[in-house]
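Structure, as structure tokens:
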Amino acid sequence: MLLRLPTSLSEARRCLAEGAVPVGGATLVWAQWQRDGFPEQAMSLRRLPEATVVDEETLGAAVLLHQIDDRVPEVLRRAAASIGTGAVRRTATVGGNIVGSTLRCLLPPALVLDARATVMDGDGTYEAELAEVVAKRPLMLGIRWRRPLVSAYRKAPGDVGGPPPLVVATAVHAEEDGGRRLFTAVRDGDEVVSGSVPATAGPGRVLDALEGTALGGLPGETLDVVRREVTDILGRAEG
């Protein structure tokens with residue numbers, strides 16, 4: 001297998017056109033390749049500047065999970081730190097987790113940050129909604145988001161080999177009109193659901209409004225966890 005390491009967007013597009021298979025840390029595909037056969041060409045973005053950036057509003061797809069630090073919002077940082085073992089976090093990438101993984105531990109944090117993905121195809125780069133990225137699995141270069149006022153992440157304990165543990169991500173953003181908006185995303189089993197509502201009223205009214213979104217269909221025990229997390233983040237936003 002030939003591993004190609006493009007250093008520019010034009011070179012990356014050429015690799016795609018020539019049939020190179022995008023791969024990050026290969027943590028999700030190595031066993032499959034060993035079983036089914038390796039592709040003739042693979043492409044890593046680890047030398048592409050657009051895919052390796054880390055700052056207050058941008059995270060590249062080729063960034064390793066252990067490289068995610070306090071430059072990014074708390075919700076992303078805590079999510080990355082909770083994924084796998086230290087060995088996994090030194091190999092796995094942001095793009096692999098969001099696009100390649102069925103667990104998608106970084107997806108709820110990205111959703112509450114109101115993030116959009118930068119993706120690339122044979123014609124160039126463009127921005128896409130995260131739902132489109134998860135469904136169509138294009139080559140993702142990174143994500144960009146709005147800086148929140150506060151954010152938080154909760155991941156329930158889980159058993160090795162068991163079902164995916166519950167994840168609740170929350171964030172409060174400032175609105176252009178001076179108000180505030182609450183974003184909440186939950187991974188319950190294999191499904192990720194999210195919703196956002198104005199956060200200018202009291203906690204009770206905000207919770208009532210949130211249950212009018214897709215989150216209202218969650219099981220009762222899960223909703224209880226969501227209510228606690230939302231109440232906590234609203235209190236932090238006021239503080």
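Not measured: the values here are computed from a predicted model.
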Checklist entry - After noting the C-alpha distance and the side-chain angles of T118 and M140, does the key distance pass the side-chain contact (heavy atoms from CB on, under 4.5 Å) rule? => result CA-CA 6 Å; T118 302; M140 190 177 83; over 6 Å; no
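- For R71 and E56, the salt-bridge test fails: no basic side-chain N is under 4.0 Å from an acidic carboxylate O.
- Although no hydrogens or angles enter the test, the distance criterion places a donor-acceptor pair under 3.5 Å between the side chain of R187 and the main chain of L103.
- Considering only heavy atoms from C-beta on, V192 stays 4.5 Å or farther from V186 through its side chain.
- Between T93 and A62 the shortest heavy-atom distance is CG2-O, 3.9 Å.
- Counting only heavy atoms from C-beta outward, the side chains of R104 and V134 approach each other to under 4.5 Å.
- Annotation: side chain of R154 is not in contact with side chain of V167 (no heavy-atom distance under 4.5 Å).
- Under a hydrophobic clustering in which Ile, Leu, Val, Met, Phe, Trp and Tyr are joined whenever their side-chain heavy atoms come within less than 4.5 Å, directly or via other members, L223 and F183 fall into different clusters.
- Taking both residues in full, the closest heavy atoms of D123 and R13 are given as C-CD, 4.3 Å, listed atom of the first, atom of the second, then distance.
- Hydrophobic clustering, with ILVMFWY side chains joined whenever heavy atoms are under 4.5 angstrom apart, groups I143 together with V54.
- The OG1 atom of T222 sits 10.5 Å away from atom CG of L215, with the distance rounded to the nearest 0.5 Å.
- Counting heavy-atom neighbours within 6.0 Å of D190 CG, excluding the residue itself, gives a total of 12 or less.
- Taking 4.0 Å as the cut-off between side-chain N and carboxylate O, R227 and D224 count as a salt-bridged pair.
- Linking Ile, Leu, Val, Met, Phe, Trp and Tyr whenever their side-chain heavy atoms come within less than 4.5 Å puts V225 and V197 in one cluster.
- A donor-acceptor pair under 3.5 Å is absent between the side-chain atoms of D114 and the main chain of W145, judged by distance alone.
- At least one side-chain heavy atom of M120 sits under 4.5 Å from a side-chain heavy atom of L9.
- At distances below 3.5 Å, at least one donor-acceptor pair connects side-chain atoms of H173 with backbone N or O atoms of V112.
- The distance from the CD1 atom of I68 to the CG atom of L76 is 6.5 Å, given to the nearest 0.5 Å.
- Side-chain contact check for L106 versus I83: some heavy-atom pair is nearer than 4.5 Å.
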Checklist entry - For L139 and L16, what are the C-alpha separation, side-chain angles and deciding distance, and is it a side-chain contact (heavy atoms from CB on, under 4.5 Å)? => result CA-CA 9 Å; L139 178 62; L16 278 180; 3.7 Å; yes
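- No side-chain donor-acceptor contact under 3.5 Å links T213 to the backbone of A209.
- Taking CG of L3 as the start and CD of Q41 as the end, the distance is 10.0 Å to the nearest 0.5 Å.
- Looking at heavy atoms from C-beta onward, M43 lies out of side-chain contact with V21 at the 4.5 angstrom threshold.
- Across all their heavy atoms, V133 and A128 have their closest contact at CG2-CB, 4.1 Å.
- Hydrophobic clustering (side-chain heavy atoms under 4.5 Å, transitive across Ile, Leu, Val, Met, Phe, Trp, Tyr) groups L166 together with L207.
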Next on the checklist: Could you walk me through whether E132 and R137 satisfy the salt bridge (Lys or Arg N to Asp or Glu O under 4.0 Å) test, starting with their C-alpha distance in whole Å, then the side-chain angles of each, then the deciding distance to 0.1 Å, before giving a yes or no?
Outcome noted: CA-CA 8 Å; E132 177 185 344; R137 298 164 67 95; over 6 Å; no
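- Here L141 contributes atom CG and T125 contributes atom OG1; the two are 7.0 Å apart, rounded to the nearest 0.5 Å.
- The distance from atom OG of S194 to atom CG of L111, rounded to the nearest 0.5 Å, is 4.5 Å.
- Side chains of P148 and V172 form no contact here, defined as non-hydrogen atoms less than 4.5 Å apart.
- Across all non-hydrogen atoms, the minimal contact from V72 to R147 is C-NH1, 3.8 Å.
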Item to check | From CA spacing to verdict: side-chain contact (heavy atoms from CB on, under 4.5 Å), N97, C105 | outcome: CA-CA 7 Å; N97 185 272; C105 295; 4.1 Å; yes
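- Within a 6.0 Å radius of CZ in R47, other residues, nucleotides and ligands contribute 12 heavy atoms or fewer.
- From T52, atom OG1 reaches atom CG of L45 across 9.0 Å, with rounding to the nearest 0.5 Å.
- With hydrogens and angles ignored, the 3.5 Å screen pairs no side-chain donor or acceptor of S151 with any backbone N or O of A171.
- Side-chain N or O atoms of Q67 include one that pairs as donor or acceptor with a backbone N or O of L64 at under 3.5 Å.
- Residues R180 and E175 are not paired through a salt bridge, judged by the lack of any N-O separation under 4.0 Å between the basic side chain and the carboxylate.
- Across all non-hydrogen atoms, the minimal contact from K155 to S82 is NZ-O, 3.2 Å.
- Residues P108 and V168 have side chains not in contact (no heavy-atom distance under 4.5 Å, counting atoms from C-beta outward).
- Each of E18, E40, E11 was checked for a salt bridge (charged side-chain N to carboxylate O under 4.0 Å, His left out) with R4, and the lone residue meeting it is E18.
- Both I233 and L218 belong to a single network of hydrophobic side chains, linked directly or stepwise wherever heavy atoms of I, L, V, M, F, W or Y lie under 4.5 Å apart.
- Side-chain atoms of R144 and T58 form a donor-acceptor pair, as typed in the model, at a separation below 3.5 Å.
- Closest approach of A201 and V206 over heavy atoms only: O-CG2, 3.7 Å.
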